[in-house]
Amino acid sequence: MKLTGAQAFIKCLEEHGVEVIFGYPGGALIDVYDELMKNDKVHHVLTRHEQAAVHAADAYGRVKGEVGVALVTSGPGATNAVTGIASAYMDSIPLVVFTGQVPTKLIGNDAFQEVDIVGITRPITKHNYLVKDAEELVPIIREAFHLAKTGRPGPVLVDLPKDVLATRITYPEVKPITMRTYKPTYEPHPGQVEKACQAMLKAKKPVIYAGGGVILSNSNEELTELARRLDCPVTMTLMGLGGFPGTDPLSMGMLGMHGTYYANMAVANCDLLIAVGARFDDRVTGRVDAFAPHAEIIHIDVDPSSISKNVRVDIPIVADCKHALVAINAWFARSKDFNAKECAEKHRSWHEQIREWKNKHPLGYVEETDIIKPQFVIQKLHELTGGDAIITTEVGQHQMWTAQFYHFNKPRQWATSGGLGVMGYGFPAAIGAQMAAPDKVVIDIAGDGSIQMNIQELATCRQEKLPVKVAILNNGYLGMVRQWQELFYNKQYSSTVMEVAPDFVKVAEAYGAVGLRATKPSEVEPVIREALKINNTVFMDFVIAREEGVYPMVPAGKATTEMLLV
Amino acid sequence: MKHTISVLLQNKPGVLSRVTGLFSGRGFNIESLSVAQTLEPDVSCLTLVTSGEDTIIEQITKQLHKLIDVIKVTDMCEHDNVEREMALIRVKAEAHTRAEVLRIIDIFRGKVIDVGPKSYVVEVTGKASKLQAVIDILRPIGIQEIVRSGTIAMTRAQKS
Ligand SMILES: Cc1cc2nc3c(=O)[nH]c(=O)nc-3n(C[C@H](O)[C@H](O)[C@H](O)COP(=O)(O)OP(=O)(O)OC[C@H]3O[C@@H](n4cnc5c(N)ncnc54)[C@H](O)[C@@H]3O)c2cc1C
Ligand SMILES: Cc1ncc(C[n+]2csc(CCOP(=O)(O)OP(=O)(O)O)c2C)c(N)n1
Ligand SMILES: [Mg+2]
């Protein structure tokens, strides 16, 4: 039986187990939408902006550990999706984005709602395709899913001309995918594993630096096993939070620009740095020549181009984190030279040193009784959700406070835009997360600036009946930029004061959601309790200390030991 | 240091712009570039000359490898290889200089491929340094136009 391209498209989504997609229709995609309406296996979530569709698909994928799928129309639909694609690319998130396109014979003609989206997204996708021939449609979609989720994951874009979607084809049989030019390395080189283990055996002051790769490869358990066995302190990047339990005594929390004092001091003084699925981002390293200057560096990464990109690595292991950690754990399990007691003994003074740093400058803030401190709100959210909520954020100070004070114990309960840092990510991401985990509490911790970038998604929440909670830390400022102006630009608050702002409670109500507000510390807990009880979308407007800063802070370009503290 | 990098690519639409986009987007420089089909019709060979510190060259080769359509990347500097470039040079050739131009071209094993009333078009192939030498010698006689190709390169046969 022959299928139209649009029918084959949906059948191919089913073949890949896709249950939910996020999108927005348009002329170029009417054929697909027509088929979607007849289909009851693939649920389509209509967001109110294409950027939101992509962010939602991104977070859906993160929470489920699957490939997220977004569908947007040609021209403006495709360009609106660009920010979402770029964010997923920077964070290595597996995603397939389908864009409508004008009919093949009009391509290149400046046709109505035509853009060269393949050209536009070339540098922000892992790979992209224009389907020129209907016979190629299904094989290309299969390749797209394969590329998105294997190796270093990332977004893949497939551009679908309108005539391709209308052409009748025979649905090709499922075949294993073979790509001549694409064979990611998963297994570590045994020689490199041996070298790494010997270095770990020797180290007196080791630190594990765990990144997003641990989450992406589902290797949190293997990482935890290694850390406990070696009695080795662990620090995580923003993307790696949850890769190791944040409340574990070995956890030093996040490192980098807004990382803890003790994590940054430990990295600066360690004799062995074990980087697992992390990419030595400039927010983490600060001035590179002062990053882990005394350490031998082991780096496990599936992408060879991540290795020695910013910082010279001594023992590279090109492999999937999970495969590499399994091999390392197995090495220690059979090693006769390794003795857990001796190892702990050898690290004792190192742990003491770290404890000293921690006591000297713990993560903290100045508490106040009459004004709400943002950190206090996060602590309360943590407490009242038992640390078990799925948390998304926008971008800014509230994002950093969340990273510092919501101690994530599990992977895939955290979605934030790290590499691109997109304001407007968190709310649609919460929608994607709630679709992926309907029974979980999902909270977008937002800033008053960022939430306005995708506030229209209240309608999506209502339409899908999603009980997403949004905690707005309302400081009346673009706070993160204001903090830089305070510290480095003579307090010239140029364009960072939100002189006009909506009443967030009323905005929520206008959409049929619920709005709550807290203006005093004593109101914080009741508001959160109330919100958690309501089976509807809730905006919580926390009016917080306006000029609170995020500390510690490593000023840009400084060494990570040169921190500004509370 | 200069590096000649040879890249085998799937011959697909847009593949060249993936490579050049990578270079411009990451701030790597390209001094010359040449692309054409290989023995296999669906595979192209792209040869490019770039320069940079070792760490940059390492990133260039890794990033090229990461492109899905790239089959193989070879840094020719790591191998014993032969490299060639071609130049077409339009040089003044008037009654009193014709003989001299011909002699110079002959020394460099070049060819005159077009003869005009007052000029020759000369073809010379060789390494970049040889082409530069020809150009330097012809310049006082009067070069009117130069077109140079990118470098192409091939590894030498293994000795043993
Ligand atoms: C306002 C703001 C402030 C920030 N401040 C900080 C800060 O203080 N500290 C901080 O840490 N970050 C901070 N960030 C985030 C920062 O910009 C980077 O996004 C983050 O540091 C990158 O995390 P990562 O190194 O874990 O890499 P990711 O971006 O998560 O990349 C994952 C790495 O793992 C590899 N990988 C992927 N899959 C696998 C696999 N299966 N096996 C092996 N390897 C794999 C990839 O190749 C890549 O190298 C901030 C962001 C913003 C917006
Ligand atoms: C789309 C986008 N535009 C601009 C920025 C630059 N930027 C980073 S943080 C920030 C302020 C965010 O303000 P708000 O959401 O109120 O959060 P706060 O820092 O006050 O907690 C800005 C403007 C950005 N990251 N993303
Ligand atoms: Mg704000």
Side-chain angles (χ1 to χ4, degrees), chain A residues 86 89-90 92 104 107-108 116-133 136 140 143-144 146-148 150-159 177-185 279-280 288 299 301-313 316 318, chain B residues 1 3 5-30 33 35-48 50 52-75 77-78:
Chain A
Y89 181 72
M90 293 292 277
S92 302
T104 41
I107 289 177
D116 174 13
I117 196 64
V118 168
I120 289 171
T121 59
R122 216 168 264 141
I124 52 165
T125 50
K126 182 168 171 180
H127 197 54
N128 58 18
Y129 299 87
L130 167 65
V131 184
K132 281 194 169 153
D133 172 359
E136 284 293 303
I140 284 177
E143 257 183 38
H146 177 69
L147 285 176
T150 54
R152 178 179 183 164
V156 179
L157 180 137
V158 182
D159 202 16
I177 292 181
T178 50
M179 294 179 69
R180 170 174 185 188
T181 58
Y182 176 76
K183 292 177 202 82
T185 308
R279 60 182 172 83
F280 297 80
V288 281
H299 188 188
D301 204 295
V302 76
D303 177 0
S305 77
S306 273
I307 287 173
S308 291
K309 184 166 74 175
N310 305 331
V311 172
R312 250 298 132 209
V313 167
V318 177
Chain B
M1 194 189 129
H3 285 249
I5 296 174
S6 162
V7 188
L8 287 184
L9 303 158
Q10 305 249 59
N11 195 353
K12 290 197 178 155
V15 57
L16 186 58
S17 69
R18 288 186 202 277
V19 174
T20 53
L22 174 74
F23 274 72
S24 60
R26 293 189 181 265
F28 304 145
N29 71 62
I30 301 185
L33 180 141
V35 208
Q37 220 177 54
T38 62
L39 263 183
E40 285 181 70
D42 56 347
V43 175
S44 296
C45 180
L46 180 153
T47 313
L48 59 85
T50 181
E53 289 167 23
D54 288 354
T55 48
I56 304 275
I57 301 297
E58 183 180 332
Q59 264 303 305
I60 290 176
T61 47
K62 285 174 167 177
Q63 292 290 349
L64 281 168
H65 245 297
K66 214 166 129 174
L67 295 176
I68 306 295
D69 289 331
V70 166
I71 302 167
K72 193 173 169 206
V73 180
T74 315
D75 183 348
C77 301
E78 292 168 3

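Throughout, protein chains are lettered first and strands after them, A, B, ... in sequence-line order, and every chain is numbered starting at 1.
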message = Apply side-chain contact (heavy atoms from CB on, under 4.5 Å) to residues Y182(A) and H146(A) and explain how you reach the verdict.
response = CA-CA 10 Å; Y182(A) 176 76; H146(A) 177 69; 4.0 Å; yes

Worked verdict on E58(B) versus K309(A) for side-chain contact (heavy atoms from CB on, under 4.5 Å) = CA-CA 9 Å; E58(B) 183 180 332; K309(A) 184 166 74 175; over 6 Å; no

key: Check against side-chain contact (heavy atoms from CB on, under 4.5 Å), D159(A) and L157(A)   = CA-CA 6 Å; D159(A) 202 16; L157(A) 180 137; 4.3 Å; yes

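Interface summary for chain B: among L130(A), D303(A), T181(A), I307(A), the most heavy-atom pairs under 4.5 angstrom belong to T181(A).
Within the 6.0 Å centre-distance limit, the rings of F280(A) and H299(A) are counted as a close aromatic pair.
Identified by a heavy-atom distance below 4.5 Å to chain A, the contributing residues of residues 7-16 of chain B are Q10(B), P13(B), G14(B), in residue-number order.
Contact of the I60(B) side chain with the T50(B) side chain is registered, since non-hydrogen atoms from C-beta on lie closer than 4.5 Å. When side chains are defined from C-beta on, V156(A) counts as touching Y129(A), because their heavy atoms get closer than 4.5 Å.
Ion pair E143(A)/K126(A) not flagged as a salt bridge, since none of the NZ, NE, NH1 or NH2 atoms sits closer than 4.0 Å to an Asp/Glu carboxylate oxygen.
With a 4.5 angstrom heavy-atom cutoff, N128(A) touches chain B via backbone and side-chain atoms both.
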